[in-house]
Amino acid sequence: MIEVIKGDITKVHADAIVNAANSSLLGGGGVDGAIHRAGGPAILEDCRKIRARQGECKTGDAVITTAGNLPAKFVIHTVGPVWNGGSKNEAEKLANCYKHSLELAVENNCDTVAFPNISTGIYGYPKDQAAEIAVRTVTEFLQTHKKPTKVTFVCFDEDSYSIIKSLVHH
Ligand code: AR6
């Protein structure tokens, strides 16, 4: 099932929450900053280990770490595309963020996963187009996999909340 809520993802009790990170995996502003602040240094420590092992995280890919002090068990860090007008494969890259995050959640036995609205803040992806991709990709995944059983879209602002909500209830 898909649930849509308005709020702060750092407060959500899901098996995994997803972070809208950047390729460095070393933190930033927006939801990334909030997750590292609330989760504490254990998350950054894991991110550094991943970087040492594989280097940067490519756009559309995802990696998993501890959730530190957060109520979630894991944080899945995915790197959304920067909006560049739409002709730079942004849509495919954004869909990959959702798909790869869900695959990683399944590999780690996560039954509940919470997503922020990836790329729609600092990276400038138009909210309506991003929402359509998010809802379509998650819906397809849930239809073709047994797990996770619940995906929550955690919307920080009223606009994103009403856009996602209208797409999910069709
Ligand atoms: N809980 C849920 N959603 C949030 C929260 C929160 N606590 N805080 C912000 N949002 P953004 P991006 C929403 O900018 O566009 C960082 O510097 C926000 O309103 O966090 O993918 C990274 O390091 C928006 O709807 O991520 C990267 O450099 C959504 O989260 C860059 O920003 C995503 O906004 C990534 O940019």
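Keep in mind it's a predicted model, so treat the numbers as computed, not measured. Every number for a ligand or one of its atoms is a count from 1 in the order of the listing.
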Would a 4.5 Å heavy-atom cut-off, applied to side chains only, mark Val31 and Phe156 as touching? no
Are the side chains of Tyr98 and Arg136 in contact, using a 4.5 Å heavy-atom criterion? no
Please verify whether a non-hydrogen atom of Gly33 lies at under 4.0 Å from ligand 1. no
Check this for me, if you would: do Lys6 and Asp157 make a salt bridge, where the nitrogen-to-carboxylate-oxygen distance has to be below 4.0 angstrom? no
Identify whether the distance between the nearest side-chain nitrogen and carboxylate oxygen of Lys127 and Asp159 falls below 4.0 Å. no
Please indicate whether any nitrogen or oxygen in Gly124 is less than 3.5 Å from any nitrogen or oxygen in ligand 1. no
Show me which atoms of ligand 1 lie under 4.0 Å from any heavy atom of Ala20. 21 (O), 22 (C), 26 (O), 35 (C)
Should Ile122 be counted as touching ligand 1, given the test is an N or O pair under 3.5 Å? yes
Would Ser160 count as a polar contact of ligand 1, with the cut-off being nitrogen or oxygen pairs under 3.5 Å? no
Starting from atom 30 (O) of ligand 1, what is the nearest protein heavy atom, named by residue and atom, and what distance separates them? Val31 CB, 4.0 Å
Note: ligand 1 atoms sitting under 4.0 Å from heavy atoms of Asp8 are 1 (N), 6 (C), 7 (N)
Minimum distance, heavy atoms only, to atom 33 (C) of ligand 1: which one of Asn117, Asp159, Thr10, Leu25 is it? Asn117
Can you confirm whether Leu25 sits close enough to Val63 that some side-chain heavy atom of one is under 4.5 Å from a side-chain heavy atom of the other? yes
Can you report which non-hydrogen protein atom sits closest to atom 36 (O) of ligand 1, along with the distance? Tyr123 CG, 3.4 Å
Output yes when the distance from some N or O of ligand 1 to some N or O of Gly121 is under 3.5 Å, and no in every other case. yes
Is there a polar contact between ligand 1 and Ala21, counting only N or O atoms under 3.5 Å apart? no
Using a strict cut-off of 4.0 Å, indicate which atoms of ligand 1 neighbour a heavy atom of Gly28. 17 (O), 23 (O)
With a cutoff of 4.0 Å, is Thr120 in contact with ligand 1, counting heavy atoms of the residue only? yes
Is the side chain of Glu107 donor-acceptor paired with the backbone N or O of Ala105 at a distance under 3.5 Å, no angle test? no
Taking the side chain as every heavy atom from C-beta outward, state whether Thr152 and Val113 have any atom pair closer than 4.5 Å. no
Check whether Thr120 reaches the backbone of Asn117 with its side chain - one donor and one acceptor, N or O, closer than 3.5 Å. yes
Heavy-atom side-chain proximity of His36 to Cys47 below 4.5 angstrom: yes
Short side-chain to backbone donor-acceptor contact, Asn22 and Gly27, under 3.5 Å: yes
So the atoms of ligand 1 within less than 4.0 Å of a heavy atom of Asn22 turn out to be 22 (C), 23 (O), 27 (C), 28 (O)
Taking both backbone and side-chain atoms of Asp32, is any N or O found less than 3.5 Å from an N or O belonging to ligand 1? yes
For atom 13 (C) of ligand 1, the protein heavy atom that lies nearest, with its residue and separation: Phe156 CB, 3.7 Å
Which atoms of ligand 1 are found less than 4.0 Å from any heavy atom of Gly7? 1 (N), 2 (C)
Give me the residue, atom name and distance of the protein heavy atom closest to atom 2 (C) of ligand 1. Ile9 N, 3.6 Å
Glu90 side chain to Asn84 backbone, donor-acceptor under 3.5 Å: yes
Distance from Phe74 atom CZ to Asp15 atom CG, nearest 0.5 Å? 8.0 Å
N/O of Gly29 under 3.5 Å from N/O of ligand 1, yes or no? yes
Compute the minimum heavy-atom distance from Ser119 to ligand 1 and say whether it is under 4.0 Å. yes
